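Working notes, beginning with the structure itself.
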Amino acid sequence: MKIALASGKGGTGKTTLSVALALASADPVQLLDCDVEEPNSHLFLNTKDAEKRGVTTPIPVINQDACTHCGACARFCEFNALAALPSKTMVFEDLCHGCGGCMRICPEHAISEEGKSIGTVSIETQDHITFIQGLMNIGVAMAPPVIRAVKDHIDPNKTVIIDCPPGTSCSLITAVTGVDYAILVTEPTPFGLHDLSLAVETMRVLNIPFGVAINRSDSGDNRVVKYCESENIPVLLEIPESRNVAEAYSRGKSLIDALPEMKPALQSMMTRIEQLTQGSTK
């Protein structure tokens with residue numbers, strides 16, 4: 001079972017919940033940190049045996065001697081990563097999505113590819129948790145290739161928990177593609193409700209079953225609960241506002257460390273999600 005922890009915005013507590021779910025699991029799990037621009041799940045773990053692997057993306061290389069500057073590659077590329085001038089064909093690496101289409105369409109076979117380093121994936125362990133984290137290189141513009149590199153390590157025989165990037169852009173879409181269920185983490189505020197509604201629309205477009213977890217549930221108002229009721233969205237978990245959680249967070253401790261009494265609720269939520277996915281209920 002693959003579960004994604006997503007949110008319409010950052011700072012709602014999805015990393016806190018992702019780590020807590022992994023720690024609370026009674027079975028071996030994989031925890032994937034796909035927030036590759038700012039991964040921080042590792043701050044709450046005590047992992048060991050790090051194995052790092054480079055991530056590259058194919059970038060076109062023009063053989064200027066063979067190139068006739070016909071412009072076929074530039075016209076084909078919908079991301080404007082190539083430009084054919086009268087005497088030179090140029091490649092803008094930061095715009096290239098690495099599809100390889102320009103190489104295949106070139107009538108002169110003047111385009112080859114080389115790998116450009118864009119990030120790393122590290123694999124670490126802590127007890128029953130296999131922790132896999134992606135990290136983009138500084139200056140790299142596109143996160144999806146690094147996210148896909150992280151997801152390449154998914155073990156279909158284990159429960160997989162994916163800590164997704166915030167927002168509803170390409171990075172989130174890449175992270176949630178192929179999951180069985182999504183937990184949308186939010187907070188009971190007008191801002192939380194606004195961004196939750198965007199995340200809900202995204203999950204519905206992608207046809208991914210989902211439910212909601214409300215962090216700091218007793219700190220705001222009941223708009224999120226009413227919204228979920230009106231939209232027939234299950235509220236899977238409510239995490240109370242707690243000074244213990246805030247203090248633990250500041251010391252790099254997990255939700256389980258701060259509120260160990262929540263462990264049964266987290267395990268029950270996982271069981272409920274399994275039941276919901278088996279029933280294809282949303």
Side-chain angles (χ1 to χ4, degrees), residues 1-25 29 31-35 40-41 44 159-168 172 175-176 179-204 206 208-242 244-246 248-249 254-277 281-282:
M1 182 170 62
K2 296 186 287 290
I3 303 171
L5 280 290
S7 64
K9 70 182 188 67
T12 57
K14 60 182 176 52
T15 295
T16 297
L17 186 53
S18 299
V19 173
L21 284 174
L23 291 171
S25 176
V29 297
L31 173 60
L32 276 56
D33 194 340
C34 287
D35 190 359
N40 56 9
S41 293
F44 305 97
T159 297
V160 180
I161 299 167
I162 301 177
D163 185 5
C164 295
T168 55
L172 172 72
V176 301
V179 303
D180 300 300
Y181 198 86
I183 302 172
L184 304 181
V185 186
T186 188
E187 54 193 11
T189 66
F191 300 109
L193 176 57
H194 174 266
D195 292 309
L196 172 64
S197 64
L198 296 177
V200 166
E201 291 180 25
T202 303
M203 294 304 117
R204 284 177 170 162
L206 297 174
I208 295 174
F210 60 90
V212 166
I214 305 175
N215 193 19
R216 298 184 284 271
S217 59
D218 52 352
S219 63
D221 53 39
N222 63 349
R223 300 183 201 201
V224 168
V225 173
K226 286 187 174 180
Y227 169 77
C228 292
E229 289 175 351
S230 66
E231 295 290 328
N232 196 27
I233 300 170
V235 176
L236 304 167
L237 183 73
E238 295 188 32
I239 304 171
E241 174 87 334
S242 168
N244 289 343
V245 174
Y249 185 90
S254 72
L255 176 66
I256 295 292
D257 293 318
L259 300 176
E261 65 272 20
M262 286 205 67
K263 186 173 181 178
L266 293 167
Q267 294 173 332
S268 295
M269 181 173 69
M270 294 288 282
T271 301
R272 185 180 179 188
I273 289 172
E274 188 172 0
Q275 293 169 345
L276 289 171
T277 53
T281 302
K282 182 166 66 176

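Each residue takes its place number in the sequence, starting with 1. Predicted model, so just to flag it, every value in this text is computed and none were measured.
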* Hey, does the side chain of Tyr181 reach the backbone of Ile3 with a donor-acceptor pair shorter than 3.5 angstrom? -> no

* **Asp218 (side chain) donor-acceptor with Glu241 (main chain) under 3.5 angstrom** => yes

Working to the nearest 0.5 Å, report the span between [atom1] of [X] and [atom2] of [Y].
{"X": "Ser197", "Y": "Leu184", "atom1": "OG", "atom2": "CG", "result": "10.5 Å"}
{"X": "Cys34", "Y": "Ile161", "atom1": "SG", "atom2": "CD1", "result": "12.5 Å"}
{"X": "Ser217", "Y": "Leu237", "atom1": "OG", "atom2": "CG", "result": "8.5 Å"}
{"X": "Asp180", "Y": "Leu276", "atom1": "CG", "atom2": "CG", "result": "12.0 Å"}
{"X": "Ser268", "Y": "Leu236", "atom1": "OG", "atom2": "CG", "result": "11.5 Å"}
{"X": "Asp33", "Y": "Leu5", "atom1": "CG", "atom2": "CG", "result": "10.5 Å"}

* Asked: Sequence neighbours excluded, which residues qualify as side chain to side chain contact (heavy atoms under 4.5 Å, CB included) partners of Glu201?
  -> none

Find out whether [X] and [Y] are in side-chain contact, i.e. whether some heavy atom of one side chain is under 4.5 Å from a heavy atom of the other.
{"X": "Leu193", "Y": "Thr186", "answer": "no"}
{"X": "Met270", "Y": "Thr159", "answer": "yes"}
{"X": "Ser219", "Y": "Pro188", "answer": "yes"}
{"X": "Phe210", "Y": "Val200", "answer": "yes"}
{"X": "Val212", "Y": "Leu196", "answer": "yes"}
{"X": "Val160", "Y": "Met1", "answer": "no"}

* To do: Using side-chain hydrogen bond (donor to acceptor under 3.5 Å, both in side chains) as the criterion, list what pairs up with Glu231, not counting sequence neighbours.
  => Arg204

* For Arg272, side-chain hydrogen bond (donor to acceptor under 3.5 Å, both in side chains) partners two or more places apart ->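 Scan of Arg272 (side-chain hydrogen bond (donor to acceptor under 3.5 Å, both in side chains), adjacent residues dropped) gives none.
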
Donor-acceptor list for residues 12-23 side chains, cut-off 3.5 Å, not counting sequence neighbours:
unit_1	atom_1	unit_2	atom_2	d
Thr12	OG1	Ser7	OG	3.4
Thr12	OG1	Val185	O	3.4
Lys14	NZ	Asp163	OD1	3.3
Lys14	NZ	Cys164	O	2.5
Thr15	OG1	Asn40	OD1	3.2
Thr15	OG1	Asp163	OD2	2.7
Ser18	OG	Lys14	O	2.6

* To do: Determine, step by step, whether Val245 and Leu255 satisfy the side chain to side chain contact (heavy atoms under 4.5 Å, CB included) criterion, reporting the C-alpha distance in whole Å, the side-chain angles of both residues, the deciding distance to 0.1 Å, and the verdict.
  => CA-CA 6 Å; Val245 174; Leu255 176 66; 3.7 Å; yes

* Asked: Pairs in or reaching into residues 184-197: which pass salt bridge (Lys or Arg N to Asp or Glu O under 4.0 Å), with residues at least two apart or in two chains?
  ->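 For residues 184-197, and leaving out neighbouring residues, the salt bridge (Lys or Arg N to Asp or Glu O under 4.0 Å) pairs sorted by first residue read Lys9-Glu187, Glu187-Arg216.
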
* Taking every non-hydrogen atom, the tightest pair across Ala4 and Val176 ->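 Here Ala4 and Val176 meet closest at CB-CG1, 4.0 Å.
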
* Apply side chain to side chain contact (heavy atoms under 4.5 Å, CB included) to Thr189 and Arg223, showing your working. => CA-CA 7 Å; Thr189 66; Arg223 300 183 201 201; over 6 Å; no

Identify each donor-acceptor pair in which a side-chain atom of residues 256-266 lies under 3.5 Å from a protein atom, sequence neighbours left out, and give them as a table.
unit_1	atom_1	unit_2	atom_2	d
Asp257	OD2	Ser254	N	3.0
Asp257	OD2	Ser254	OG	3.1

* **Within 6.0 angstrom of Tyr227 OH, more than 12 heavy atoms from elsewhere** =>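 Yes.
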
